[in-house]
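Please read the structure below before turning to the comments.
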Amino acid sequence: MIDLPLIAAAVIGLGILFYVLLDGFDLGVGILFPFAPDHTARSTMMNSVAPVWDGNETWLVLGGGGLMVFFPTAYAIVLPAFYMPIMGLLFALIFRGVAFEFRHSATTSKYIWDRAFFGGSVFSALMQGMLLGGLIHGVRIENGHFAGGLFDWFTPFSVLTGIGVVCGYGLLGAAWLVLKTEHATQVWARRAAMVMGGGVLIAMGAVSILTPLLSPAIAERWFSGVNILALAPIPIFAFASAVALYWSLIAGRERLPFVFAILLFFFGFLGLGVSLWPNIVPPSLTIHAAAAPDATIIFGLVGVAITLPMILFYTWYAYSVFRGKASAHGGYGDD
């Protein structure tokens with residue numbers, strides 16, 4: 001018997017993971033934007049993500065749309081529970097996208113769009129992190145409906161996760177710039193990656209300690225019986241990825257910092273999945289309880305089977321065509 005809800009959950013998880021990794025680094029470039037050494041470096045930074053940033057956001061549509069189709073009960077609960085951060089995220093992404101075009105055409109007002117690019121990137125990352133923290137903390141559900149308040153998601157824990165995601169995206173952005181830039185900008189990006197990496201490790205450590213304290217079920221999942229040994233590779237590999245990341249930065253490598261930053265995110269994402277399983281909306285709504293009828297899931301999976309290879313192909317093609325170092329001239333930089 002094929003477990004259709006499990007397959008649907010894997011599709012959504014894949015969409016979210018790809019979004020975090022791909023849109024994460026271009027949001028990270030925006031987070032680092034005002035701290036760049038000079039105007040030329042900022043133009044180079046924007047041009048490094050200009051060919052791919054809008055395509056990266058496709059994965060957000062896959063994750064959100066998949067939730068609505070495959071798990072409508074969860075969608076109906078999550079939307080009112082996180083209405084404020086979701087709307088903040090969307091408006092920030094829109095504002096940031098507008099900044100790309102207006103900065104390119106502006107002359108005297110370029111500084112305004114520099115700030116808009118930075119603000120939209122930071123606020124978007126912060127809202128994503130706070131949404132994650134609110135989800136981990138749990139959503140109050142009664143009779144299959146959201147029964148909490150408008151600001152239940154706003155807690156000290158969600159602020160911590162929000163800051164952690166900002167640092168994490170900053171790390172991905174800095175590692176991307178190490179790969180895509182040269183000379184003084186690349187040297188600055190290495191230093192930024194070390195600083196942001198430190199913030200990520202502090203945030204991941206704090207969240208790893210606090211999450212089991214907030215949820216006895218998660219504590220039991222990680223620390224009961226043989227689970228300690230079975231799940232130990234996840235934090236071990238995450239720590240190894242962090243060590244390898246700093247080694248690659250110090251050793252002057254160009255590609256490896258981005259690879260190890262992705263691995264650090266992957267193992268963090270894997271640990272989060274283990275903590276929340278089998279719930280899609282903690283603390284009590286499981287993927288099977290929230291799943292749509294089998295016929296609906298099959299219909300949605302047929303659509304995914306058609307569109308997902310196309311998305312993967314044009315994503316690969318875009319990155320292949322625009323491989324190599326970015327320049328400050330042309331594109332969204334200075335002509």
Side-chain angles (χ1 to χ4, degrees), residues 1-22 58-82 128 131-132 134-146 211-212 215-235 237-238 262-263 265-313 315:
M1 185 67 180
I2 299 176
D3 193 335
L4 291 174
L6 181 60
I7 297 173
V11 169
I12 294 175
L14 180 69
I16 294 173
L17 177 61
F18 270 89
Y19 172 77
V20 167
L21 295 178
L22 297 181
T58 304
W59 298 100
L60 182 62
V61 177
L62 177 62
L67 184 67
M68 181 179 66
V69 172
F70 296 132
F71 302 99
T73 302
Y75 184 84
I77 292 170
V78 166
L79 199 63
F82 300 103
Q128 290 179 42
L131 195 158
L132 173 63
L135 189 66
I136 295 173
H137 199 273
V139 177
R140 192 144 55 103
I141 304 171
E142 293 180 6
N143 300 320
H145 299 281
F146 174 60
T211 299
S215 173
I218 293 177
E220 184 178 0
R221 173 73 49 78
W222 282 94
F223 303 115
S224 65
V226 297
N227 285 2
I228 297 177
L229 296 178
L231 299 178
I234 297 176
F237 283 128
I262 287 175
L263 286 175
F265 261 77
F266 172 77
F267 288 114
F269 187 83
L270 185 60
L272 178 63
V274 169
S275 296
L276 300 184
W277 177 262
N279 296 316
I280 191 168
V281 182
S284 58
L285 186 65
T286 66
I287 60 172
H288 291 91
D294 285 354
T296 302
I297 296 178
I298 291 173
F299 181 81
L301 289 176
V302 170
V304 169
I306 295 171
T307 58
L308 186 56
M310 297 170 61
I311 296 172
L312 290 170
F313 174 76
T315 299

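Only a predicted model underlies this, so the values are computations on that prediction, with no experimental measurement involved.
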Roughly how far, to the nearest 0.5 Å, is CD of Gln128 from CD1 of Ile16?
10.5 Å
So, taking the atom named NE2 in His137 and the one named CG in Leu132, what distance separates them when rounded to the nearest 0.5 Å?
12.5 Å
Reference residue Leu301; test side-chain contact (heavy atoms from CB on, under 4.5 Å); the match among Ile7, Thr296, Leu308
Ile7
Roughly how far, to the nearest 0.5 Å, is OG1 of Thr73 from CG of Leu285?
6.5 Å
Side chains of Val69 and Phe299: closer than 4.5 Å at any heavy-atom pair?
no
Over all heavy atoms of both residues, which pair between Val274 and Leu231 is shortest? Give the atoms and the distance, please.
CG1-CD1, 3.7 Å
Kindly indicate whether the side chain of Thr58, heavy atoms from C-beta on, has any atom under 4.5 Å from the side chain of Leu62.
no
Evaluate the ring pair (Phe, Tyr, Trp, His ring centres under 6.0 Å) criterion for residues Tyr19 and Trp59: first the C-alpha distance (whole Å), next the side-chain angles of each, then the deciding distance (0.1 Å), finally the verdict.
CA-CA 5 Å; Tyr19 172 77; Trp59 298 100; 9.6 Å; no
Min side-chain heavy-atom separation Asp3-His288 under 4.5 Å:
yes
Taking the side chain as C-beta and beyond, is there a heavy-atom pair between Leu14 and Phe18 under 4.5 Å?
yes
What do the steps show when you test Leu272 against Thr211 for side-chain contact (heavy atoms from CB on, under 4.5 Å), and what is the final call?
CA-CA 10 Å; Leu272 178 63; Thr211 299; over 6 Å; no
Where is the tightest heavy-atom contact between Ala238 and Phe267, given as atom of each residue plus distance?
CB-CB, 3.9 Å
Would you please test Ile280 and Thr286 for side-chain contact (heavy atoms from CB on, under 4.5 Å) and show each step?
CA-CA 5 Å; Ile280 191 168; Thr286 66; over 6 Å; no
Is there a side-chain contact between Val78 and Phe146 in this structure, where contact means two heavy atoms from C-beta onward sitting under 4.5 Å apart?
no
Gap between atom CG of Leu312 and atom OG1 of Thr307 - 0.5 Å precision
9.5 Å
On a heavy-atom basis, which atom in Ile297 and which in Phe70 lie closest, and how many Å separate them?
O-CE2, 3.5 Å
Assess whether atom CD1 of Ile228 is packed by more than 12 heavy atoms of other residues, nucleotides or ligands within 6.0 Å.
yes
With side chains defined as the heavy atoms from C-beta onward, is the minimum distance between Ile234 and Trp222 less than 4.5 Å?
yes
Nearest-0.5 Å distance that lies between atom OG in Ser284 and atom CZ in Arg140
12.0 Å
Begin with the C-alpha distance, continue with both residues' side-chain angles, and end with the deciding distance and a verdict on side-chain contact (heavy atoms from CB on, under 4.5 Å) for Val281 and Phe71.
CA-CA 10 Å; Val281 182; Phe71 302 99; over 6 Å; no
Is it the case that atom CZ in Phe237 sees more than 12 heavy atoms from other parts of the structure closer than 6.0 Å?
no
Residue pair Val139 / Pro282, side-chain heavy-atom distance below 4.5 Å
no
Quick one: does Arg221's side chain have a donor or acceptor within less than 3.5 Å of a partner on Leu276's backbone?
no
What closest approach, in Å, do Pro72 and Ala292 show between heavy atoms, and which atom pair accounts for it?
CD-CB, 3.7 Å
Side-chain heavy-atom pair Ile287, Trp277 within 4.5 angstrom cut-off
yes
